[in-house]
S.K.: 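First the structure, then my questions, so here it is.
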Amino acid sequence: MKIAIMGAMREEIEPILAALGNYTIEKYAGNIYYHAEYAGHELIIAYSKIGKVFSAITATIMLERYGAKALLFSGVAGGISKDLKIGDLIMASALCQHDVDITAFGHPEGFIPESFVMIESDEDMRSLASEIAVDMGVDLYEGIIATGDQFVASSERKEWIEKTFNADALEMEGTSVACVCQNFGVPFFILRAISDAADGDAGMDFDTFLKSSAQVSAKFILEMVKRI
Ligand SMILES: Nc1ncnc2c(CN3C[C@H](CSc4cnccn4)[C@@H](O)C3)c[nH]c12
């Protein structure tokens with residue numbers, strides 16, 4: 001099967017490319033697409049660049065141009081839930097956009113007409129991931145991931161997101177990728193390893209833990225590819 005693996009930042013896919021070793025590259029529409037074979041699957045790998053716009057473009061290209069039949073996102077996130085510490089893995093059960101606000105028309109936060117606040121991720125891939133986590137002996141959390149076009153580095157904003165969406169983690173690309181996959185009817189799996197707590201220390205923690213947390217997520221995603 002042709003499987004798309006996405007990240008937002010170069011550092012989020014570098015561990016995957018390093019593990020693959022052999023791949024070809026193709027530049028297209030502002031991204032570099034890496035083609036590889038792994039565990040009997042064809043992989044198409046790319047990092048989008050930061051944010052919902054760029055990640056929506058890359059996800060669309062992965063599906064429309066390259067014909068991916070499943071999309072796995074590997075990256076890092078800010079932790080909201082007190083159960084999540086730096087380096088922990090969380091997979092999205094559902095995702096929402098915390099910076100969408102048309103409440104002036106009586107809509108709830110994060111709601112867009114003819115759509116929904118929450119996008120549910122693929123159940124089969126989540127149950128496969130739970131099995132893999134047991135086999136690997138790693139903790140894998142499952143929860144709501146909130147997406148917005150801002151690096152959250154304030155407890156006030158983090159607590160608002162938690163209160164408003166019951167979110168467990170936050171980042172800047174998962175929901176846009178989820179929305180693209182849902183529109184195309186392609187199963188998706190959003191996995192993040194915590195790099196910071198989206199609070200006053202977030203910037204420093206992020207710089208310190210980006211590489212190690214990206215590695216944790218990438219290792220798990222490659223196990224997913226073996227078992228899909
Ligand atoms: N607290 C947080 N808030 C929002 N998102 C995150 C993430 C997840 N990624 C990392 C990166 C931060 S912006 C960026 C910009 N320049 C350099 C590095 N990162 C963006 O792709 C979203 C980890 N912690 C987060």
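Everything numeric in this text was worked out from a predicted model, so none of it was measured. Counting convention: from 1, in listed order, for ligands and their atoms alike. Keep in mind that the numbers below use all heavy atoms, side chains included, and drop hydrogens, waters and symmetry copies. By convention here, the first residue in the shown sequence is residue 1.
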S.K.: Which atoms of ligand 1 sit under 4.0 Å from any heavy atom of G78?
M.R.: 23 (C), 24 (N), 25 (C)
S.K.: Can we say E26 and R65 salt-bridge, meaning some charged N sits less than 4.0 Å from an Asp/Glu carboxylate O?
M.R.: yes
S.K.: Can an N or O of E171 be found at a distance shorter than 3.5 Å from an N or O of ligand 1?
M.R.: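 No, there is no polar N/O contact under 3.5 Å.
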S.K.: With a cut-off of 4.0 Å, which atoms of ligand 1 are near a heavy atom of E173?
M.R.: 20 (C), 21 (O), 22 (C)
S.K.: Below 4.0 angstrom from a heavy atom of A77, which ligand 1 atoms are there? Numbered from 1 as shown, please.
M.R.: 7 (C), 23 (C), 24 (N)
S.K.: Mind checking whether E12 has an N or O less than 3.5 Å away from an N or O of ligand 1?
M.R.: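 The answer is no, given that E12 and ligand 1 share no N or O pair closer than 3.5 Å.
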S.K.: Mark up the atoms of ligand 1 that fall under 4.0 Å of a heavy atom belonging to A198, in ascending order.
M.R.: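 Atoms satisfying the 4.0 Å criterion: 1 (N).
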S.K.: Tell me the protein heavy atom at minimum distance from atom 11 (C) of ligand 1, and give that distance in Å.
M.R.: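 For atom 11 (C) of ligand 1, the nearest protein heavy atom comes out as M9 SD, 3.7 Å.
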S.K.: Please list, in number order, the atoms of ligand 1 under 4.0 Å from a heavy atom of A8.
M.R.: 21 (O)
S.K.: Any side-chain to backbone donor/acceptor pair from Y47 onto E12? Under 3.5 Å, distance only.
M.R.: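 No, Y47 side chain to E12 backbone: no donor-acceptor pair under 3.5 Å.
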S.K.: Indicate yes or no: does K163 engage E109 in a salt bridge with an N to O separation below 4.0 Å.
M.R.: no
S.K.: Kindly identify the option in K158, H98, Q150 whose heavy atom sits closest to atom 4 (C) of ligand 1.
M.R.: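 Looking at heavy atoms only, the winner is Q150.
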S.K.: Tell me which protein heavy atom sits closest to atom 14 (C) of ligand 1, plus the residue, atom name and distance to 0.1 Å.
M.R.: I50 CD1, 3.5 Å
S.K.: Any chance you could measure F188, atom CZ, to Q182, atom CD, to the nearest 0.5 Å?
M.R.: 6.5 Å
S.K.: What protein heavy atom lies closest to atom 24 (N) of ligand 1? Include the residue and the distance to one decimal.
M.R.: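 Going atom by atom, the protein heavy atom closest to atom 24 (N) of ligand 1 ends up being D196 OD1, 2.6 Å.
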S.K.: Quick one: nearest non-hydrogen protein atom to atom 18 (C) of ligand 1, plus distance?
M.R.: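 The answer is F206 CE2, 3.4 Å.
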S.K.: Check whether more than 12 heavy atoms from other residues, nucleotides or ligands sit under 6.0 Å from atom CZ of R10, and answer yes or no.
M.R.: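 No, not enclosed.
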S.K.: How far is atom 25 (C) of ligand 1 from its nearest protein heavy atom, and which residue and atom is that?
M.R.: F151 CE1, 3.4 Å
S.K.: Just do the side-chain hydrogen bond (donor to acceptor under 3.5 Å, both in side chains) check on N31 and T58 with the steps written out, would you?
M.R.: CA-CA 7 Å; N31 284 135; T58 304; 2.5 Å; yes
S.K.: Going through the checks in order, is the side chain to side chain contact (heavy atoms under 4.5 Å, CB included) test met by R126 and E142?
M.R.: CA-CA 8 Å; R126 272 188 273 140; E142 180 169 3; 2.7 Å; yes
S.K.: Just need the protein heavy atom nearest to atom 8 (C) of ligand 1, so name the residue and atom and give the distance.
M.R.: V76 O, 3.1 Å
S.K.: With a 6.0 Å cut-off on ring centres, are F73 and F189 close enough?
M.R.: no
S.K.: Ignoring angles and geometry beyond distance, decide whether V152 reaches within less than 3.5 Å of ligand 1 through its nitrogen or oxygen atoms.
M.R.: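 Between V152 and ligand 1, an N or O pair is found under 3.5 Å apart.
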S.K.: Go through V100 and I112 one step at a time and tell me if the side chain to side chain contact (heavy atoms under 4.5 Å, CB included) criterion holds.
M.R.: CA-CA 8 Å; V100 163; I112 291 173; 3.7 Å; yes
S.K.: Got a second to check how far F220's CZ is from L222's CG, nearest 0.5 Å?
M.R.: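 That separation rounds to 11.0 Å.
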S.K.: State the atoms of ligand 1, each with its element, that fall below the 4.0 Å cut-off from a heavy-atom position in S195.
M.R.: 23 (C), 24 (N)
